[in-house]
Protein chains: 2
Amino acid sequence: MTEASQTISDQIQKKLDDFTRAERQLALSILENYPASGLGPLTALANDANVSVPTVARMVQKLGFKSYPDFQSELREELRAKVKNPIAKHDMWAETAPSEHLLNRFTDAVIDNIRLTLTQINPAEFDAACGLVADQSRHLFIVGGRITHTLAEYFYLHMQVIRPNLTHVQSTSSTWPHYLLNAKKGDIVVIFDVRRYENNILKLAEIARSRGAKLILFTDQWRSPVHHFADISLSCRIMVPSAWDSAATTMLLIETMISSVQNLNWDDTKDRIETLEVMFDQTRLFRKFT
Amino acid sequence: MTEASQTISDQIQKKLDDFTRAERQLALSILENYPASGLGPLTALANDANVSVPTVARMVQKLGFKSYPDFQSELREELRAKVKNPIAKHDMWAETAPSEHLLNRFTDAVIDNIRLTLTQINPAEFDAACGLVADQSRHLFIVGGRITHTLAEYFYLHMQVIRPNLTHVQSTSSTWPHYLLNAKKGDIVVIFDVRRYENNILKLAEIARSRGAKLILFTDQWRSPVHHFADISLSCRIMVPSAWDSAATTMLLIETMISSVQNLNWDDTKDRIETLEVMFDQTRLFRKFT
DNA sequence: AGGTGACTGTGAAATTATTTTCATAATTTA
DNA sequence: TAAATTATGAAAATAATTTCACAGTCACCT
């Protein structure tokens with residue numbers, strides 16, 4: 001084997017820059033179900049990747065194979081070798097790094113957090129929270145702490161597109177009580193508070209509650225004291241091999257909620273998004289392609 | 001699926017007694033390099049097993065497949081499922097919700113994103129990026145786009161504690177060119193740019209590069225055009241069942257990098273954190289417990 | 001704005017490979 | 001020895017691959 005020491009997967013990644021748009025699309029599709037998708041018929045692969053048959057043929061040649069069957073036969077050889085090799089144990093995420101590598105340890109921890117968080121979550125409560133957030137007749141307040149205000153803003157930026165009638169409370173400023181002056185019965189306050197829990201957030205929650213608002217809380221497994229006032233609490237596991245906590249699981253829940261709320265409001269949202277697209281096009285803020 | 005829960009390998013072993021001599025010989029040969037040998041052409045398999053072509057055809061039919069290609073396609077399907085980590089094919093994450101519940105579908109997608117991202121990442125490059133970010137003699141610029149600036153800020157907030165000499169570039173403002181006035185050779189620019197890619201970020205990257213800064217890019221699987229200027233690109237899978245993209249995997253990488261950089265700088269960081277703790281205590285911003 | 005060139009998809013034809021199915025002879029097994 | 005199983009070789013049928021020409025699209029450049 002002259003250069004067979006690197007897998008076809010590696011070769012594809014290395015050549016990613018030399019590929020054209022359609023070829024890259026194909027390449028990513030191959031890597032998505034590697035190596036299974038490359039072992040089927042060429043036509044099936046082309047369909048999977050949403051590219052044309054000639055594109056597949058062209059790319060295979062660019063990779064240096066005489067023909068598609070040639071490419072497949074190397075793939076099979078690779079699979080043979082991998083299955084044979086006992087080192088190919090699959091409990092690693094970044095396979096080219098040792099299992100003690102931080103990438104693997106950290107990912108292990110995050111997956112574990114996700115698993116634990118999801119088994120402990122109450123789907124009915126989650127759905128209820130989504131329902132409340134989707135209700136456009138209620139004003140939506142979003143607030144976070146020193147670190148979590150970034151999550152709050154992430155949530156806010158999406159909600160802003162999906163629905164009107166919302167406010168991002170800048171809790172770091174001393175002006176947050178002013179926001180609450182407008183809060184009325186039935187309004188929704190989404191609060192992010194993980195350790196270390198912040199006093200002003202607690203105060204805010206208390207006041208909001210006393211004004212009759214519904215509170216939805218994103219917190220950690222030990223639960224912020226805010227949860228005493230919250231109508232719905234969603235606790236996420238946050239422990240990782242780091243001096244810091246992980247927001248990855250919280251992010252997952254936030255994004256799921258965004259998607260859910262979007263679905264609930266789809267009819268209204270559609271128009272808002274289209275309008276937004278037009279505006280973005282006009283401002284030429286975004287690139288069209290490549 | 002009625003009996004698809006058992007693998008083809010299982011089915012073959014179970015029927016081993018019903019097979020004739022030549023068929024058994026073939027069966028064992030298939031199991032020898034399972035599943036690679038079954039994915040090649042029928043003729044090759046017959047040769048490998050030293051049986052005739054019709055024998056292969058007969059056995060495949062005995063196993064209950066309509067044709068040899070049918071058999072292969074099931075083998076591929078099996079391989080697909082197997083490649084996903086055992087943990088990734090977890091049936092349900094939120095066990096009290098049906099598997100079609102968004103919580104389960106979304107989590108599935110995110111786990112898959114993590115798996116794919118990690119297998120395609122280059123640990124050496126990642127480590128190199130961490131090394132650069134940890135180097136306190138280089139000024140660290142952090143910049144994100146319309147949505148991703150929240151990730152940028154999350155990264156910034158942690159880096160702020162870990163090391164001095166850094167700037168969060170507010171790319172939304174029109175003042176970002178001013179930040180770059182201070183950029184000099186050897187400085188680090190960490191850029192977040194996922195679709196839709198933003199023109200001003202690209203411009204910024206180009207200028208930063210021309211001033212001799214090192215660029216580290218967090219992007220998606222399709223890669224922002226910034227990657228042409230970047231010294232190190234980290235691409236994350238971001239597809240989820242939503243109208244929006246997922247930043248959960250990106251978050252995972254960011255946090256891993258934070259942890260890694262913190263480890264590299266531990267001696268210096270320790271003091272900074274302690275100082276910070278004292279300051280927080282004094283401002284009574286955080287609650288001590290509960 | 002308009003032209004240029006690279007890239008892609010389409011459809012189809014030619015080619016090649018693969019599978020299926022026979023009949024028959026050889027071999028094994030009971 | 002008879003019956004069942006196999007291999008052989010080959011033909012027919014099917015499927016897959018390769019290769020075109022051409023037209024449409026998109027990015028890029030002037």
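Keep in mind that this is a model prediction, so the values were computed, not measured. Order of the sequence lines sets the chain letters (A, B, ...), proteins ahead of strands, with each chain counted from 1.
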Among the candidates [options], find the nucleotide nearest to the side-chain atoms of [X].
X       : options                : result
B:Ala57 : C:dT29, C:dT8, C:dT21  : C:dT21
B:Arg21 : C:dT19, D:dT17, C:dT29 : C:dT29
B:Pro69 : C:dT19, D:dT18, C:dG9  : C:dT19

Separation of [N] [atom2] from [X] [atom1] (nearest whole Å):
X        : N      : atom1 : atom2 : result
B:Arg58  : D:dT6  : CZ    : C1'   : 6 Å
B:Phe71  : D:dA15 : CZ    : P     : 19 Å
A:Tyr68  : D:dA15 : OH    : P     : 17 Å
A:Leu39  : D:dT17 : CG    : C1'   : 16 Å
B:Leu42  : D:dA15 : CG    : P     : 15 Å
B:Arg24  : D:dA4  : CZ    : C1'   : 14 Å
B:Tyr197 : D:dA27 : OH    : C1'   : 16 Å
A:Asn50  : C:dG9  : CG    : C1'   : 12 Å

Assess the pair B:Phe229 and B:His227: is the distance between their ring centroids shorter than 6.0 Å? no

Quick one: is [N] close enough that its OP1 or OP2 comes under 4.0 Å of any side-chain N or O from [X]?
X       : N      : result
A:Ser67 : D:dT18 : yes
A:Gln61 : D:dT18 : no
A:Thr20 : C:dT8  : yes
A:Thr55 : C:dG9  : yes

Looking for any heavy atom pair under 4.0 Å, which part of the strands does A:Val51 touch: base, sugar-phosphate only, or nothing? sugar-phosphate

Classify the nucleic acid contact of A:Pro54 as base, sugar-phosphate or nothing, counting any heavy atom under 4.0 Å across all strands shown.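 If one applies the 4.0 Å heavy-atom cut-off, A:Pro54 turns out to touch a base.
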
List the steps, then state whether salt bridge (charged side-chain N to carboxylate O under 4.0 Å, His left out) holds for A:Arg76 with A:Asp70. CA-CA 10 Å; A:Arg76 278 197 303 276; A:Asp70 235 51; over 6 Å; no

Can you establish whether the number of heavy atoms outside B:Lys184 located under 6.0 Å from its atom NZ is more than 12?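 It does: B:Lys184 NZ has more than 12 such atoms within range.
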
Has B:Lys203 got more than 12 heavy atoms of other residues, nucleotides or ligands less than 6.0 Å from its NZ?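 Open.
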
Closest-nucleotide 5' rank along DNA chain C - winner of A:Ser52 and B:Gln72: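 Mapping each residue to its closest nucleotide by heavy atoms, the 5'-most match is A:Ser52.
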
What I want to find out is whether A:Lys62 reaches A:Asp18 closely enough, with some N-O distance under 4.0 Å, to be called a salt bridge.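 Salt bridge: no.
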
